[in-house]
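Got a structure here, written out as structure tokens. Questions coming.
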Amino acid sequence: MSNLLENLNPAQLEAVKTTEGPLLVIAGAGSGKTRVLTRRLAHIVVERKAEPYQILAVTFTNKAAGEMKERVSELLGGGVNSLNVSTFHSFCARFLRNESHLIGYDSNYTIFDAKDAQTVVKNCIKELGLSNTQFTPKAQMRKISECKNKLISSYDFAKSASGYFEDATAKIYSLYERRLKECDAMDFDDLIYNSVLLLKNHETLGAKYRNRFKYLMVDEYQDTNHVQYLLMQYLLGAHNNLCVVGDEDQSIYGWRGADIRNILDFEKDFPGAKIIKLEQNYRSTNVILDAASAVIDNNEARKGKKLWTDQQGGDKIQLLLVDTADEEAVEVVKTIYNKQVTTSLKDTAVLYRTNAQSRAFEEQLRRQSLPYQIVGGVSFYQRKEIKDIMAYLKLIVNTKDDVAFERTINYPKRGIGAKTVSDIALIARRETISMYEVIQKIDDYPEFGARAKRIKPFAVLIEKYRTEKKAMAIDLMTQDLVEDINLIEELRNEDKIIGQTKIENIEAFIEGVAEHVKKNVDAALETYLAEISLFTDLDAYKEIDDKVTLMTLHAAKGLEYDTVFLVGLEEGLFPLGQATMDPMALEEERRLFYVGAPRAKKRLFLSTATTRYRFGEVESIPSRFIKEVPSELVEKKDRRHNRRYGTGSHSNQPVQQSFFNRKPAMASSQPEGVHYEFEENEIMKVGRIVAHPTFGRGRIVKVDGMGESLRLEIMFSGIGLKKILAKYAKLKIVG
DNA sequence: ATTCCCGACGTTTTT
DNA sequence: CGTCGGGAAT
């Protein structure tokens with residue numbers, strides 16, 4: 001197995017061979033980080049320093065964990081199942097399955113996703129009688145999450161809270177915690193938070209795990225937050241064998257509590273730590289690296305590192321200037337289309353700052369019949385129909401899960417209205433039992449009259465599957481359940497067209513369960529649910545298909561493509577909104593650019609539009625990041641119809657443009673500063689034939705309002721009458 | 001209980 | 001254009 005140490009540059013070799021004591025590996029983009037991590041792990045095993053199960057390696061995504069596991073397994077000649085390579089969240093979830101009884105949780109506790117958690121917060125705000133405009137679930141959830149990431153309990157928070165707003169948040173936080181506990185549920189943050197508390201407060205437990213793991217490794221260390229940092233501290237035994245790999249310049253999760261100090265202070269935290277820098281890049285051309293380096297050089301908070309490559313030169317970076325987001329998509333797709341001959345589609349990616357930007361590209365790619373896939377956005381497991389069926393399964397596993405109860409009790413319809421549900425909730429609170437328990441004993445509560453009859457079958461149904469899940473393969477059980485509740489029928493009735501895709505999703509879900517069963521005979525529903533609760537869309541992504549990939553910059557981390565289009569480089573979009581005002585946030589945006597650019601191996605395209613719709617139509621000015629790229633590395637392509645603005649010039653007079661008046665304006669190449677005040681109705685009048693991106697062709701039958709609030713009623717062939725707000729619908733006039 | 005219509009909101013990034 | 005909540009109609 002001596003080949004473990006072959007084909008490594010000196011720094012990489014050093015990192016692989018340094019197995020003892022604290023080690024920080026600073027790994028620039030494309031510097032062979034994964035190679036080092038996997039070789040190092042395999043090296044420890046081969047040298048018999050530890051058994052595979054005594055090594056713990058943590059990453060952030062399931063995908064990264066899966067890859068690492070696979071590659072280590074290959075290096076070791078396969079068949080090694082006992083490797084502990086997992087994400088922070090899944091490691092903790094498993095840990096808690098074994099140990100959560102110590103904090104009063106059942107081992108079959110439920111994991112609430114972000115949306116479930118927010119629903120609970122919303123209910124708490126309502127229950128406390130607080131104004132839901134002053135206290136939005138989103139903002140409160142964020143504060144709670146922030147606390148948990150810093151290991152601040154609701155109790156601690158309440159103690160230090162001052163003023164009306166903080167007091168209210170404290171109340172929401174503690175009620176939220178109580179509700180979670182009552183549901184036997186944890187949110188994402190709890191998984192790590194509770195694990196840390198357990199290790200901290202139960203000395204014997206801590207000792208057990210510290211004894212067990214002889215080597216710890218953390219990938220993407222720059223993205224760890226405080227609790228994650230603590231988790232590693234509590235797992236780290238006296239041997240001090242902690243290896244962290246990261247790159248402070250790639251820290252892009254500050255908004256999720258990632259604490260860049262973890263990596264910056266590593267030497268302070270672990271005296272005598274060895275530091276190895278991997279600075280040779282094996283991925284991108286010199287041009288691309290120079291551009292990325294030049295931009296990141298504008299940041300203050302960094303250790304300083306210089307990436308280099310021996311691939312000299314390379315294609316210049318193409319800067320594309322266009323008028324609108326739509327034309328940006330047209331130009332990008334045109335370029336992809338022409339490049340197909342030289343670059344296969346699977347080696348091409350379009351990266352953007354926000355998911356909302358994907359639409360225009362999707363539309364154009366579809367128009368050109370170029371296959372594409374979107375990574376991220378609405379994940380499969382977040383779709384309504386999937387969450388619905390999962391809610392049934394969750395309730396079957398954990399009847400205390402009131403969120404699942406409320407989701408399933410009247411879907412598909414059983415004639416149980418809001419009133420009955422809130423009555424059930426009230427009694428559940430009063431008796432401190434779960435909502436499900438209330439309906440099980442419904443006859444005991446005189447509050448329910450004849451209505452109770454309608455609820456009973458639901459309890460019978462759930463009980464049936466609680467028994468069935470013990471005796472039956474879970475894929476067959478799920479299939480049964482779907483038939484039992486008539487879900488397919490229900491979906492078909494809701495909407496003919498949309499229903500069909502939902503039905504397909506349900507079928508795909510069942511297929512997924514079946515696959516899981518194939519891999520794990522006797523698979524338990526409990527563990528399967530736990531697993532998929534931590535899945536993301538990213539994890540399913542494979543680069544096998546020959547498709548163009550569309551995703552956010554965040555999602556692109558760790559991936560690489562021959563050709564990359566970095567789009568929407570405009571002030572306010574990238575860097576995004578508030579970040580332009582806040583220096584720290586701006587640095588994070590800059591790091592995001594630094595993460596994104598070297599995703600390109602050979603060719604990098606940047607693009608900017610001069611107008612873009614974001615909350616009304618606003619004029620965009622080019623991103624400062626464009627100016628930070630040395631101009632000799634850039635080739636400019638101006639595809640604007642109306643070149644009123646230079647690349648860097650600012651127009652202090654925003655041009656009021658709506659979708660409708662823009663078209664004629666462009667055609668007639670107007671001089672600067674002209675306002676195009678068309679009477680929209682001139683164009684959008686009854687009888688006109690228009691094309692809608694999703695509904696197809698249709699005829700305008702009614703026009704209402706004007707300007708921003710112009711409303712149209714359009715009769716679409718095959719679909720029917722639709723009411724549409726013209727401001728948003730991307731309509732084209734056809735006749 | 002359910003359905004439908006209106007207005008008000010909203011967009012970062014994700015385990 | 002989505003989702004959500006409120007309120008009225010059925």
Among residues 412-419 of chain A, which ones have heavy-atom contacts with DNA chain B below 4.0 Å?
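Those residues are A:Lys413, A:Gly415, A:Ile416, A:Gly417, A:Lys419.
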
Taking NZ, NE, NH1 and NH2 as the nitrogens, is one of them in A:Glu588 or A:Arg591 under 4.0 Å from a carboxylate oxygen of the other?
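A salt bridge is present here (some side-chain N lies under 4.0 Å from a carboxylate O).
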
Which residues pass the side-chain hydrogen bond (donor to acceptor under 3.5 Å, both in side chains) test with A:Arg407, sequence neighbours left out?
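Testing A:Arg407 for side-chain hydrogen bond (donor to acceptor under 3.5 Å, both in side chains), a comparison that skips the adjacent residues, returns A:Asp388.
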
Can you check the A:Glu220 CD to B:dT15 P distance for me, whole Å?
12 Å

Dump every N/O contact between nucleotides 6-10 of chain C and the protein below 3.5 Å, one line per pair.
none

Could I get the full list of side-chain hydrogen bond (donor to acceptor under 3.5 Å, both in side chains) partners for A:Asp187, not counting sequence neighbours?
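In terms of side-chain hydrogen bond (donor to acceptor under 3.5 Å, both in side chains), with neighbours along the sequence ignored, A:Asp187 is linked to A:Lys148, A:Tyr176.
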
OP1 or OP2 of B:dA1 versus the side-chain N and O atoms of A:Thr420: is any pair under 4.0 Å?
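Answer yes for this pair, as a side-chain N or O of A:Thr420 is under 4.0 Å from OP1 or OP2.
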
Find the distance A:Phe112:CZ to B:dT14:P and express it as a whole number of Å.
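So the two atoms are 23 Å apart, to the nearest Å.
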
For A:Arg256 and for A:Ala356, locate the closest nucleotide of DNA chain B by heavy-atom distance; then report the residue assigned to the nucleotide nearer the 5' terminus.
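The residue mapped nearer the 5' terminus is A:Ala356.
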
Which residues satisfy the ring pair (Phe, Tyr, Trp, His ring centres under 6.0 Å) test with A:Tyr193, sequence neighbours excluded?
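Result, ring pair (Phe, Tyr, Trp, His ring centres under 6.0 Å) vs A:Tyr193: none returned.
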
A:Thr61 side-chain proximity, nearest of B:dA1, C:dG5, B:dT15:
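Nearest to the side chain of A:Thr61 among the choices is B:dT15.
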
What residues form a ring pair (Phe, Tyr, Trp, His ring centres under 6.0 Å) with A:Tyr105, not counting sequence neighbours?
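Not a single residue meets the ring pair (Phe, Tyr, Trp, His ring centres under 6.0 Å) criterion with A:Tyr105.
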
Those residues at least two apart in sequence (or on a different chain) that pass side-chain hydrogen bond (donor to acceptor under 3.5 Å, both in side chains) with A:Glu587 are none

Round to the nearest Å and state the distance from A:Glu588 atom CD to B:dT14 atom P.
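Whole-Å distance recorded here is 12 Å.
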
Please state how far atom NZ in A:Lys148 lies from atom C1' in B:dT15, giving the value in whole angstrom units.
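Result: 14 Å.
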
Give the rounded distance in Å between these two atoms: OH of A:Tyr411 and P of B:dT2.
13 Å

Between C1' on B:dT12 and CZ on A:Arg142, what's the gap in Å once rounded to a whole number?
10 Å

Neighbour count >12 (heavy atoms, 6.0 Å) for atom CZ, A:Arg383
yes

Within the structure shown, what part of the strands sits under 4.0 Å from A:Asn355 by heavy-atom distance: base, sugar-phosphate, or nothing?
sugar-phosphate

Residue-phosphate contact under 4.0 Å: A:Thr87 side-chain N/O, B:dT15 OP1/OP2:
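So the side-chain polar atoms of A:Thr87 never come under 4.0 Å of the phosphate oxygens OP1 or OP2 of B:dT15.
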
So does A:Asp113 pair up with A:Lys387, basic N to acidic O under 4.0 Å?
yes

Side chain of A:Trp255 only, heavy atoms from C-beta on: which candidate in B:dT14, B:dT12, B:dT15 is closest?
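Closest of the options to the side chain of A:Trp255: B:dT14.
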
Please report the distance, rounded to the nearest Å, between CG in A:Asp259 and P in B:dT15.
20 Å

Run the salt bridge (charged side-chain N to carboxylate O under 4.0 Å, His left out) test against A:Glu220 and tell me which residues pass, sequence neighbours left out.
A:Lys33, A:Lys557

Short side-chain N/O contact from A:Asn410 to OP1 or OP2 of B:dT2, under 4.0 Å
yes

Interatomic distance, A:Asp223 CG vs B:dT13 P [rounded to whole Å]:
17 Å

Take A:Tyr253 and A:Lys138, find for each the nucleotide of DNA chain B with the closest heavy atom, and name the residue whose nucleotide sits nearer the 5' end.
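Closer to the 5' end of DNA chain B: A:Lys138.
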
Side chain of A:Arg359 - closest among B:dT13, C:dC1, B:dT15
C:dC1

side-chain hydrogen bond (donor to acceptor under 3.5 Å, both in side chains) against A:Glu490, all qualifying residues, sequence neighbours excluded:
none

Under 4.0 Å, heavy atoms only, any strand: does A:Phe60 hit a base, just the sugar-phosphate, or nothing?
sugar-phosphate

